[in-house]
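Notes to accompany the following structure.
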Amino acid sequence: MKNNSPTSPASRQEPLLLPQWEDALHTVTHFSQAPPITVICGPKNSGKSTFSRLLLNSLLERYDKVGYLDTDVGQPEFSVPGVLSLHLLDECISDLMNNSIREFKRCCFFGDISSKRDPEAYLNYARRLYDYFIEKYHHTNNDNNHQKPSLPLIINTPGWVKGTGFDVLVELLRYVCPTHVIQMRISADSKNLPNGAFWLADEQKGPLQVIELISFFTDSFNRSVVLTKNVLSLRESRLFNYFKQCFPESLSITTNKELAHALASIAPYEVQISQVNVIHLHCQVPESEVFHSLNGTIVGLAASFKRPMTPSKGCTPWCVGLGIVRGIDVKQGLLYVITPVPPFQLEQVDLLLQGFIEIPSSLLQVFP
Amino acid sequence: MDSNTSKGKVSQFSGYKLVPWLNWNQWDDVRKSIFSSSPILIASALQKILAWQSKGCIPVAIDVTARIIEIQQMDPFFRQNGSTVDTLASEEMLAMLYCMSIIRLVNGFVEPAHKKTGRSISDLAGALGIPRTLVDIRHESSHRGLPSLKLVRSASAMALEWLKANYWEPQRVAIPNPRKEIKYWLHELIICLKSSHVSRMQSQKEKLKRAKSTVLIMACSKLSLIYQKLLASKSNGSTKHFSKVTKVSAKLYSSYPVEFASILLELFLSQASDISDDMNAEHIDYSECSVTEPMLGSLHDLKMIIAKLSNKKPRLLLSLLKAVLEMIEEMDSRSCEVDGNRFISSQKQADIQQATHLRSLVPFLVRSLKALKDSGQIGLIERNQVLSAGPTTTLKFSLMNLLYKCLNLLAPGDKHLLKSVLLLADMSGNRLLTEKLKILPLLAFLDQPPLRTDDFFHDESTLLKEEDFLKKEAEKLYLIKSRLANHGSRGTGQIKGNSNTAARRWAVTKSWVPCPIGTLPCSFSSLAVLPDLDAVEDVTSKSFENVSDADKKRTVSDIESDDDDGDHHHHAVKRLKEAPVDQSSCETVNVSAMEGQLMIGGVWMKVTDEEVAAIESDVRIFG
């Protein structure tokens, strides 16, 4: 039990928390025998992330650890844009309105901020992470030879719920068989998902519970609410926080300028170009142009031998983190990379995955 | 300064727009190639654009241009020699491709405004000057039947014209050309200095008369006097102008460091060749200062400009040192080519002379560097301490790398570089290193005249002296040999360590000099440089293509000398000149500076046991 968590979410968010939300949290946390697998879905800015944070805190009251599968590659909760990640969390979130970078258990580098560039690969990554969690941390009741307790899982999904986005979501829901689906709804009904268990042809699945919630960012409460987030700056701030981890905490880095300076100054890792392979995930790059393409970009770092248990076509190995290719010395055959990935993990890395994760331009500017 | 942010376009958010090209030269190369008639050039431009696309921040104009030209390359109609290799036979397919590119062109330019204003596409396109035909093709192909190939083919040419007129040309014109501007402001600076000289000169002359002092007055004190006055009299109108000009120049430097340094050097060289006789004179009488040549400053003017500007922008000194050393290196390698040839052309002679002028500038730059270091405007980089200071405005640089570069370029009897090397060693505060450099046999040139003063006078004492000298040298050699043996035993340990690190794929770079992401630090000047990103195969093949005959000969002679095992000196010298000192050897030098190395022919090189033995046997023969 984690009742002594530093900040109780209820007290802090009480004025905002609707009774309906509270009921939903209670239902998911306490009214299920087996650890619940909860998918949270809904359109953009409908409160998915906020609810998932509340749910995480709520579940941590009952479980020591909670799995969190983040499939929102545009605005991930605990990770950087462009990746799907699985986290095991044992700490409550104190700041419900902001997110922080947390260590992941497993991570796949998708390399773009929307699944639309390659829905199939995206789904493969999501399935792979889900399989990993189920295999390792979520046992059915008849497996009694396991020492470790079974853990609940929260799955956060992107806000793209129309067209291909809808198809992808349906595919995902069909694959994971959740015990609970929290569907966030906003007042503009045309933007909402269909009611009920929309992903199933016939409602025969057993213990499933669909809960529809109204977004708490609605006008009826007359609260000053930020409806449109500055997505770009949110993404940049996540990358900022991620690469800030390259530096000791004693070094105070609070502004872009300071981080840019620190990134320019830090001694990078060097690796022989011949020792790593470069994979361009979403575009063709001619052999002769690889270094032009790579210099000054953010890449995913992966070890080629760490193939997942269920290898699927076109999927890259697990990603251990992100790096900035900060310089290339072609004559000496060296790549210079900045990354917060710890050395023992980095040592296994022999793949650089290049996608479309744009480096914030503010990090490129250093003023002498 | 940054690789990926170009100052050409400004966005509202951060002030800079991310662009995928390395610099404007690369952009312009692509522009020239893609609009050329050579399929090879076009293909290379298309490849480069693919690389840009992979960075995800490519302007839509470039994207669409590339696609249209790519389609035209697939269209047999546009193939000049009628070859049908890699072409698309299906007219339907070609028409669809053309249509798609035209849709993307129109939407790419109109959509943002359409979303904002809600005005119709055709209105907005009209406002932008997009030909009506293109707008119609967009409409037609989206909502009705596919337009005919003939129509869309000619429309594609129209589209390219529009793109040229609305993106490529205006952008080309807008590319800043800093050289002119830099030249202008530098001349302005020289004029300012000149006029202040003249005014001060008069008062100076009067003072001189009053003092009835002799003609010999140390120029240095005079210079500093003028300098102080310049700084002090701020109320003066011309000084105000002067400080404004300085400010602008300093700003120009920070925007275009490379160009600025090269123009400053050009000025210096053009001046130096005029009064080369005065090169070594520390004192220049100001009364001789010519005012009739306003465009060329005197050497002192230039030095003062450098001093003044480097006070504002300490990095300027490093930029200049980099430019100077690189030029010296280039000239040296050029003059090396005449090795076998007794005949030295006048061009080569001019080269050598220029190199001498350049060398004379090095001690001054290093002295200025030292002054700035002493005043705290420039810091030294300690290993693994790059971050500790946090963001400060202090410019840091690696002294050792600079020292090694100078040593590498050191030619026998080169006082200037030698002086610089000693200064640098002194700056490093590494006494051991300074001492070692001081006992360099070469340094003897500085302090004492050559040992053999008279070749014809062979009395016993000189012979004895010589014998004594040779004995000493033999002892030194023995010392080096034993050191080398020591070092060798330690070296194996090191190699072991190295093999451990070789197994490691990822290692933290040992010495790093801060530079913006996307750039690399220059190996000796500690300045950020844009990397050469062409794949290695390309580089070698290109350089082989461009190699002049003389170069080819040199390569061949190198290979020959490699086969020739008998001549150790020659062999080693050549080898070391070819290979730049690698980083790791620079690093280990800190304390055990010159261990295992021997100065041969003015070049430091690693010598093996056998080589030392060979040299030793040579000595014995003489003895």
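Bear in mind that the values here come from a model prediction, so they are computed numbers and not experimental data. Order of the sequence lines fixes the chain letters, A, B, ..., with proteins taken first and strands second; residue numbering starts at 1 for each chain.
- Atom CG of B:Leu18 sits about 6.0 Å away from atom CG of A:Leu364, to the nearest 0.5 Å.
- Contact tally against chain B (heavy-atom pairs below 4.5 Å) for A:Val285, A:Asp350, A:Ile338: the top residue is A:Asp350.
- Distance check, rounded to the nearest 0.5 Å: CZ of B:Arg505 to CD of A:Gln272 gives 11.5 Å.
- With chain B as the partner, the residue from A:Pro286, A:Pro360, A:Gly327 showing the most heavy-atom pairs under 4.5 Å is A:Pro286.
- With contacts defined as side-chain heavy-atom distances shorter than 4.5 Å, the pair B:Asp532/A:Lys331 qualifies.
- When all heavy atoms of B:Ile517 and A:Gly296 are compared, the closest pair comes out as CG2-CA, 4.1 Å.
- Counting heavy atoms from C-beta on, the side chains of A:Val341 and B:Trp506 never come closer than 4.5 Å.
- B:Lys247 NZ: 12 or fewer foreign heavy atoms inside a 6.0 Å radius.
- Proximity of A:Tyr269 to B:Thr509: side-chain heavy atoms (C-beta onward) are nowhere separated by under 4.5 Å.
- In the displayed structure, A:Glu103 atom CD is contacted under 6.0 Å by at most 12 heavy atoms of other residues, nucleotides or ligands.
- Between atom CD of residue A:Gln284 and atom CD of residue B:Gln53 there is a gap of 10.0 Å, rounded to the nearest 0.5 Å.
- For the atom pair B:Leu22 CG and A:Asn295 CG, the distance stands at 7.0 Å (nearest 0.5 Å).
- Contacts between B:Gln26 and chain A at a heavy-atom distance below 4.5 Å involve the side chain alone, from C-beta outward.
- Residues A:Cys283 and B:Ser54 approach most closely at SG-CB, 3.4 Å, considering heavy atoms.
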Intermediate values then yes/no, side chain to side chain contact (heavy atoms under 4.5 Å, CB included), A:Glu358 and B:Lys55 = CA-CA 7 Å; A:Glu358 213 168 88; B:Lys55 293 202 160 191; over 6 Å; no

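- A heavy-atom distance below 4.5 Å is found between the side chains of A:Arg326 and B:Cys515.
- Atom OG of A:Ser288 and atom CD of B:Gln47 lie 4.5 Å apart (nearest 0.5 Å).
- One finds the CD1 atom of B:Ile49 at 13.0 Å from the NE2 atom of A:His292 (value rounded to the nearest 0.5 Å).
- Among A:Ala260, A:Pro268, A:Ser233, A:Ser293, the residue making the largest number of heavy-atom pairs under 4.5 Å with chain B is A:Pro268.
- Of all the listed residues (A:Val349, A:Leu363, A:Ile324), the one sharing the greatest number of non-hydrogen pairs under 4.5 Å with chain B is A:Val349.
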